[in-house]
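Data block below; observations after.
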Protein chains: 2
Amino acid sequence: MKKGEKTKNLILAQSLQLFSKNGFSGTSVRDLSSSVGLRESAIYNHFSSKKAILAEIFEKFGQSTAGLNLLDDELINMLNKPQKFMQTFSEKLLRKWGDIEEIHFFNLVLKENGTEINGIKISVNSLLEDAQKVWVMIFTEMTNHKFIKKGSPEIFANEFIAPLFFIRMKFLLDEDNIDLKSAIKQANEHTEFFWESIKR
Amino acid sequence: MKKGEKTKNLILAQSLQLFSKNGFSGTSVRDLSSSVGLRESAIYNHFSSKKAILAEIFEKFGQSTAGLNLLDDELINMLNKPQKFMQTFSEKLLRKWGDIEEIHFFNLVLKENGTEINGIKISVNSLLEDAQKVWVMIFTEMTNHKFIKKGSPEIFANEFIAPLFFIRMKFLLDEDNIDLKSAIKQANEHTEFFWESIKR
DNA sequence: ATTATTTGTGAACACTCGTTAAGTTAATCT
DNA sequence: AGATTAACTTAACGAGTGTTCACAAATAAT
């Protein structure tokens with residue numbers, strides 16, 4: 001890796017960290033540059049503007065917070081054991097959400113919710129909707145194969161996902177107070193409770 | 001009401017609006033003053049600093065987003081009809097959350113989450129925890145009187161509240177896309193689904 | 001109606017902001 | 001190795017920041 005590429009990644013990483021903590025407006029280019037040990041002007045060798053940094057952060061981290069990429073073969077083969085499936089999935093999801101960069105990114109989305117960037121609106125909403133869509137698919141599949149009882153997959157999806165986001169906000173949001181253990185514990189409690197409502 | 005008090009309230013109202021949209025750092029004193037038709041220096045007749053405005057916003061709106069104040073006698077007398085109780089309460093809560101000032105305040109808390117103000121940390125978390133505590137109380141009462149089946153009131157509270165916050169974020173967050181009707185509809189679906197899990 | 005007080009303006013302050021240009025050092029290529 | 005390109009520094013720009021101060025206008029009290 002060339003030197004330029006290296007510092008560019010460093011700038012991106014530090015920007016994510018600072019933007020998520022102090023917000024985009026609350027972070028100056030001088031804050032950024034000094035956090036990577038450079039002068040402010042050096043930033044512009046790698047990015048055309050401060051906004052361009054934010055844009056590239058969203059290009060890099062913006063996809064797939066929903067968890068679609070967690071659906072590997074091992075997991076898909078569990079579809080016929082819904083409780084096991086949900087438990088395994090939610091633990092994987094929470095572990096992903098517990099990653100420091102994912103935490104920073106979530107904080108950033110909350111802080112910059114509503115901001116336009118390259119004509120696209122940053123939106124907490126779309127995070128929720130993306131996650132919901134995945135689970136509507138999953139529950140549709142499960143009802144079709146009669147692995148769970150009949151009912152609206154949309155409602156099932158809402159009821160399953162909402163507590164996971166709730167847990168995320170409670171245990172995986174405040175950087176000084178991350179508690180992955182409690183998060184997973186409550187997610188298991190949730191899955192157990194939820195399973196009782198949808199089993200055949 | 002004297003003139004001074006009037007403009008002070010105007011400044012507070014406009015500040016809540018602008019801070020919630022552009023963030024504290026993203027809003028200048030000149031933005032504020034011009035939004036109420038004044039010069040920037042006039043602001044300092046009513047507030048000692050920009051930060052003091054933010055502090056007073058949190059003093060004014062910061063209490064009781066949890067919904068404790070919605071628990072009037074009419075509602076308490078419904079405790080023995082849990083489904084009716086939950087349905088009535090959540091509709092009241094969502095209507096409150098659908099109020100424009102409440103929407104702005106929620107956006108503000110999301111944006112300024114983690115910021116210290118007067119030594120107190122602004123925190124999304126405490127909003128969730130406050131709401132949860134209220135419902136732990138309620139479900140404890142309901143289990144004691146055997147209005148609902150046995151089980152952990154903490155889990156019940158999580159399972160009941162999480163979807164309400166989920167709904168809030170989906171339908172009562174983006175100012176240009178408020179949909180109270182859908183919010184209430186989904187809350188009713190949720191209550192119905194949830195009721196099946198906790199009825200005796 | 002006159003005075004006292006409150007609320008507002010206009011201009012300025014010291015400082016920080018994002019960004020650019022010219023020149024220097026360091027890394028890469030042949 | 002020397003030549004070429006990439007990466008960084010120093011210095012500066014115009015504009016915007018929060019805040020202050022002397023003064024003017026409007027309101028409230030006598």
Side-chain angles (χ1 to χ4, degrees), chain A residues 1-60 108 111-112 114-119 122, chain B residues 1-60 108 111-112 114-119 122:
Chain A
M1 180 157 40
K2 279 205 287 192
K3 196 191 177 203
E5 204 180 334
K6 217 168 185 174
T7 52
K8 184 169 181 175
N9 286 336
L10 236 176
I11 295 171
L12 277 176
Q14 292 289 347
S15 298
L16 176 58
Q17 150 121 291
L18 289 173
F19 287 165
S20 73
K21 192 174 179 190
N22 308 318
F24 180 74
S25 306
T27 308
S28 71
V29 177
R30 281 161 183 88
D31 289 339
L32 293 182
S33 64
S34 77
S35 85
V36 299
L38 294 176
R39 292 284 116 92
E40 60 269 21
S41 51
I43 301 291
Y44 294 87
N45 275 317
H46 307 279
F47 299 93
S48 64
S49 69
K50 189 187 168 191
K51 271 216 153 188
I53 303 178
L54 185 62
E56 206 151 318
I57 287 177
F58 273 85
E59 271 177 37
K60 197 174 171 188
L108 179 58
K111 275 202 161 40
E112 301 306 323
T115 309
E116 286 228 7
I117 180 84
N118 285 354
I122 296 174
Chain B
M1 178 157 42
K2 278 205 288 191
K3 196 192 177 203
E5 203 180 333
K6 216 168 186 174
T7 52
K8 184 169 181 176
N9 286 336
L10 236 177
I11 295 171
L12 278 176
Q14 292 289 348
S15 298
L16 175 57
Q17 149 121 291
L18 289 172
F19 287 165
S20 74
K21 193 174 179 190
N22 308 318
F24 180 74
S25 306
T27 309
S28 72
V29 177
R30 283 162 182 86
D31 288 339
L32 294 182
S33 65
S34 77
S35 86
V36 298
L38 293 175
R39 291 287 118 91
E40 61 270 20
S41 51
I43 300 290
Y44 294 87
N45 275 319
H46 306 279
F47 298 94
S48 64
S49 70
K50 189 188 168 191
K51 270 215 154 188
I53 302 179
L54 185 62
E56 206 152 316
I57 286 178
F58 273 84
E59 271 178 36
K60 196 175 171 189
L108 179 58
K111 274 203 162 39
E112 301 305 324
T115 308
E116 286 227 7
I117 181 83
N118 285 354
I122 295 174

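By convention in this document, chain letters (A, B, ...) are assigned in the order of the sequence lines, proteins followed by strands, and residues within each chain are numbered from 1.
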Footprint ends on DNA chain C, 5' to 3', for atoms under 4.0 angstrom from a heavy atom of chain A, come out as C:dC17 to C:dT28

At 4.0 Å (heavy atoms only), tell me whether B:Arg39 reaches a base, stays on the sugar-phosphate, or touches nothing. sugar-phosphate

For a 4.5 angstrom cut-off between non-hydrogen side-chain atoms, does [X] reach [Y]?
{"X": "B:Ser28", "Y": "B:Asp31", "result": "yes"}
{"X": "B:Ile53", "Y": "B:Ile43", "result": "yes"}
{"X": "B:Phe47", "Y": "B:Lys8", "result": "yes"}
{"X": "A:Phe24", "Y": "A:Leu108", "result": "no"}
{"X": "B:Val36", "Y": "B:Thr7", "result": "no"}

Heavy-atom pair with the smallest gap, counting every atom of [X] and [Y]:
{"X": "B:Ser20", "Y": "B:Gln17", "result": "OG-O, 2.9 Å"}
{"X": "A:Glu40", "Y": "A:Val29", "result": "O-CG1, 4.0 Å"}
{"X": "A:Ala52", "Y": "A:Ser48", "result": "CB-OG, 3.6 Å"}
{"X": "A:His46", "Y": "A:Ala42", "result": "CD2-O, 3.5 Å"}

Selection: residues 44-53 of chain B, any non-hydrogen atom under 4.0 Å of DNA chain C: B:Asn45, B:His46

As a check of understanding: the bend across the helix from C:dA1-D:dT30 to C:dT30-D:dA1, end axes from five pairs, rounded to 10 degrees, works out to 20°

For nucleotides 23-30 of chain D, read 5' to 3', which letter fits each nucleotide if B means a protein heavy atom sits under 4.0 Å from the base, S means only the sugar-phosphate is that close, and - means neither? ----S---

So how far is it from [X] [atom1] to [Y] [atom2], rounded to the nearest 0.5 Å?
{"X": "B:Lys51", "Y": "B:Ile117", "atom1": "NZ", "atom2": "CD1", "answer": "5.0 Å"}
{"X": "B:Lys21", "Y": "B:Leu16", "atom1": "NZ", "atom2": "CG", "answer": "13.0 Å"}
{"X": "B:Asn118", "Y": "B:Leu54", "atom1": "CG", "atom2": "CG", "answer": "9.0 Å"}

The test is side chain to side chain contact (heavy atoms under 4.5 Å, CB included); show your working for B:Lys60 and B:Asn9 and say whether it passes. CA-CA 11 Å; B:Lys60 196 175 171 189; B:Asn9 286 336; 4.1 Å; yes

Quick one: A:Glu40 CD to D:dA11 C1', roughly how many Å, whole number? 10 Å

By a strict heavy-atom criterion of less than 4.0 Å, which residues belonging to residues 7-31 of chain A are in contact with DNA chain D? A:Thr7, A:Arg30

What residues form a side-chain hydrogen bond (donor to acceptor under 3.5 Å, both in side chains) with A:Thr115, not counting sequence neighbours? A:Glu112

Quick check: does any side chain N or O of B:Lys50 sit under 3.5 Å from a backbone N or O of B:Thr27, one acting as donor and the other as acceptor? yes

